[in-house]
Amino acid sequence: MTTALSKVEISYIRSSLLSAPPLRADGRSPEDFRPIAVETGVAPLANGSARVSIGEPCTGREKEAEGAGGGTEVVAAVKLEVDGVGEDKEGGKVVCNVSCSPAAYPHLSSPALDDLQSDLTSVLGSVLSHPSLCPKNLVIVPGQKAWALRLDTIIFADAGNVLDYPMMACRAALVDTRVPSTRSVEYRAPGKRNEVPDDIMDVDEGRNGPSSLLETREPSRVVDFELADYWDEGGVLEARDAWPVCVTLNMLPTMHLLDATSQEESAIPLRLHAMFAFPGGKPTLHGMRMAVLLKNAEKYARNMWTGLEAKLAEEEARRSIKAREKFYGRRRR
């Protein structure tokens with residue numbers, strides 16, 4: 001969210017950026033991001049979650065006093081719910097929602113805050129909720145039941161670049177998501193005892209009684225499911241490398257810069273948002289606003305993608321070590 005600046009302040013920021021070499025208030029080069037921290041598994045009750053933060057968050061007068069200080073903090077969480085689907089569809093969907101903490105935007109009225117939340121929800125939803133990105137393993141019973149993936153994102157602090165970081169938090173939460181293992185339940189009429197696959201539970205007359213209304217169902221038809229009693233938390237979402245990241249290019253006549261602060265965003269109103277994924281190393285553009293500078297955006301998105309993958313690998317290793325220490329600690333007791 002941009003910060004109100006005077007014409008003198010805007011002129012000073014622009015002239016500093018257009019100087020040789022370009023000067024930014026925090027000493028970064030135009031293509032540098034602020035230090036980014038990524039943590040997964042921050043919401044124990046969610047199927048997947050992540051926090052992305054930059055520096056120490058601050059709001060209100062504290063943010064204005066520190067200029068380039070403070071940071072952006074975003075938390076994204078995934079919750080899977082059983083959803084009915086039509087007979088002509090396999091099912092599965094992704095629903096996005098973005099909420100903004102009033103403490104992060106004390107200068108905004110309630111209607112303005114609602115508009116900001118709606119705009120961010122629309123941008124993220126137009127990309128992440130697209131049917132082409134819907135994981136196949138959200139289907140539970142084809143044509144009948146599937147998982148509805150609810151992706152909720154909360155912005156706790158905003159120090160600029162409030163689209164790149166929510167998108168990064170969303171991708172980290174989706175990578176962290178585990179889909180519960182399920183087992184199909186098949187009802188059979190009395191006397192129909194054909195061979196049943198190991199992963200399907202057969203409910204026959206011995207469990208429902210000879211007078212059960214389920215006798216009229218066709219044999220070998222999967223009509224329900226149950227959660228498999230496995231020790232693990234389920235499987236990962238399919239096509240994990242298809243979830244994109246976003247890179248915002250803030251443009252001036254002769255240059256552009258990345259990861260703009262709130263003050264820089266106020267001085268540079270022209271921006272390009274590009275959403276890239278790199279399945280198999282091949283760039284795939286999932287969405288954009290303003291069709292210029294895409295080549296540079298692809299390069300920066302690849303760098304962001306590589307960095308986030310490394311942080312997620314470190315986070316997964318850290319959580320594995322922590323889980324082992326907790327397990328052996330209990331055994332010693």
Test Met275 against every option in Val123, Leu285, Val247 by the side chain to side chain contact (heavy atoms under 4.5 Å, CB included) rule and name the one that passes.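 When side chain to side chain contact (heavy atoms under 4.5 Å, CB included) is applied between Met275 and each of Val123, Leu285, Val247, only Val123 qualifies.
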Which residue in the set Cys96, Cys100, Cys170 passes side chain to side chain contact (heavy atoms under 4.5 Å, CB included) when paired with Thr153? Cys170
Run the salt bridge (charged side-chain N to carboxylate O under 4.0 Å, His left out) test against Glu316 and tell me which residues pass, sequence neighbours left out.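 Testing Glu316 for salt bridge (charged side-chain N to carboxylate O under 4.0 Å, His left out), a comparison that skips the adjacent residues, returns none.
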Partner residues of [X] under the side chain to side chain donor-acceptor pair (under 3.5 Å) criterion, sequence neighbours left out:
X      : result
Gln117 : none
Asp32  : Ser29
Glu31  : Tyr300

Nearest 0.5 Å please: distance from the [atom1] atom of [X] over to the [atom2] atom of [Y].
X      : Y      : atom1 : atom2 : result
Leu174 : Thr40  : CG    : OG1   : 12.5 Å
Asp152 : Ser99  : CG    : OG    : 6.5 Å
Leu151 : Leu149 : CG    : CG    : 6.5 Å
Asn97  : Leu124 : CG    : CG    : 10.0 Å
Leu249 : His256 : CG    : NE2   : 4.5 Å
Gln263 : Glu265 : CD    : CD    : 9.0 Å

Checking the side chain of [X] only, and the main-chain atoms of [Y] only, is there a donor and an acceptor separated by less than 3.5 Å?
X      : Y      : value
Gln144 : Val141 : no
Arg319 : Ala317 : no
Asn137 : Val236 : yes
Asn250 : Arg271 : no
Thr72  : Gly160 : yes
Asp259 : Arg34  : yes
Ser49  : Ala173 : no

Less than 4.5 Å apart, side chain to side chain, heavy atoms only: is that true for [X] and [Y]?
X      : Y      : value
Tyr165 : Ile36  : yes
Val245 : Leu308 : yes
Pro102 : Leu113 : yes
Trp147 : Pro180 : yes
Val75  : Glu39  : no
Ile54  : Glu73  : no
Ile13  : Ser266 : no

Steps toward side-chain contact (heavy atoms from CB on, under 4.5 Å) verdict (Thr261, Arg28): CA-CA 11 Å; Thr261 63; Arg28 290 181 290 142; 3.8 Å; yes
Ring geometry between Phe276 and Phe278 (parallel below 30°, tilted from 30 to 60°, perpendicular above 60°): parallel
With the 4.5 Å side-chain cut-off for hydrophobic clustering, are Val82 and Leu138 part of the same group?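 Yes, same cluster.
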Look at the side-chain heavy atoms of Ile, Leu, Val, Met, Phe, Trp and Tyr, link any pair under 4.5 Å apart, and say whether Phe156 and Val42 land in one connected group. yes
Per the side-chain hydrogen bond (donor to acceptor under 3.5 Å, both in side chains) rule, what does the pair list look like for residues 235-245, sequence neighbours excluded?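 Matches after skipping sequence neighbours: none remain.
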Could you note down all residue pairs passing side-chain hydrogen bond (donor to acceptor under 3.5 Å, both in side chains) where residues 121-134 supplies at least one of them, sequence neighbours left out?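 Checked against side-chain hydrogen bond (donor to acceptor under 3.5 Å, both in side chains) - neighbours excluded - the pairs reaching residues 121-134 are His130-Ser132.
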Where do Val175 and Thr177 land on the side-chain contact (heavy atoms from CB on, under 4.5 Å) test, with the steps shown first? CA-CA 6 Å; Val175 170; Thr177 297; over 6 Å; no
With sequence neighbours excluded, residues passing side chain to side chain contact (heavy atoms under 4.5 Å, CB included) with [X]:
X      : answer
Thr254 : Leu18
Ser15  : none
Asp164 : Phe33, Asn161, Cys246, Thr248, Met304
Glu309 : Arg171, Trp305, Leu312

Is there any salt bridge (Lys or Arg N to Asp or Glu O under 4.0 Å) pair reaching into residues 93-116, and which pairs are they, with sequence neighbours excluded? Asp83-Lys93
Can you tell me which residue pairs pass the salt bridge (Lys or Arg N to Asp or Glu O under 4.0 Å) test with a partner in residues 14-25, sequence neighbours excluded?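 As it turns out, the salt bridge (Lys or Arg N to Asp or Glu O under 4.0 Å) pairs with a partner in residues 14-25, which skip direct neighbours, are Arg24-Glu264.
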Closest heavy-atom pair and its distance - Ile155, Pro166: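 Nearest heavy atoms, Ile155 then Pro166: CD1-CG, 4.1 Å.
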Assess the residue pair Lys311 and Glu314 against the criterion (salt bridge (Lys or Arg N to Asp or Glu O under 4.0 Å)); give the C-alpha distance rounded to whole Å, side-chain angles, the decisive distance to 0.1 Å, and a yes or no. CA-CA 5 Å; Lys311 288 180 179 292; Glu314 292 174 2; 5.7 Å; no
Check step by step if side-chain contact (heavy atoms from CB on, under 4.5 Å) holds for Leu133 and His286. CA-CA 10 Å; Leu133 291 178; His286 286 273; 3.4 Å; yes
Give the C-alpha distance, both sets of side-chain angles, the deciding distance and a yes or no for side-chain contact (heavy atoms from CB on, under 4.5 Å) between Leu270 and Met251. CA-CA 6 Å; Leu270 187 59; Met251 296 178 289; 3.7 Å; yes
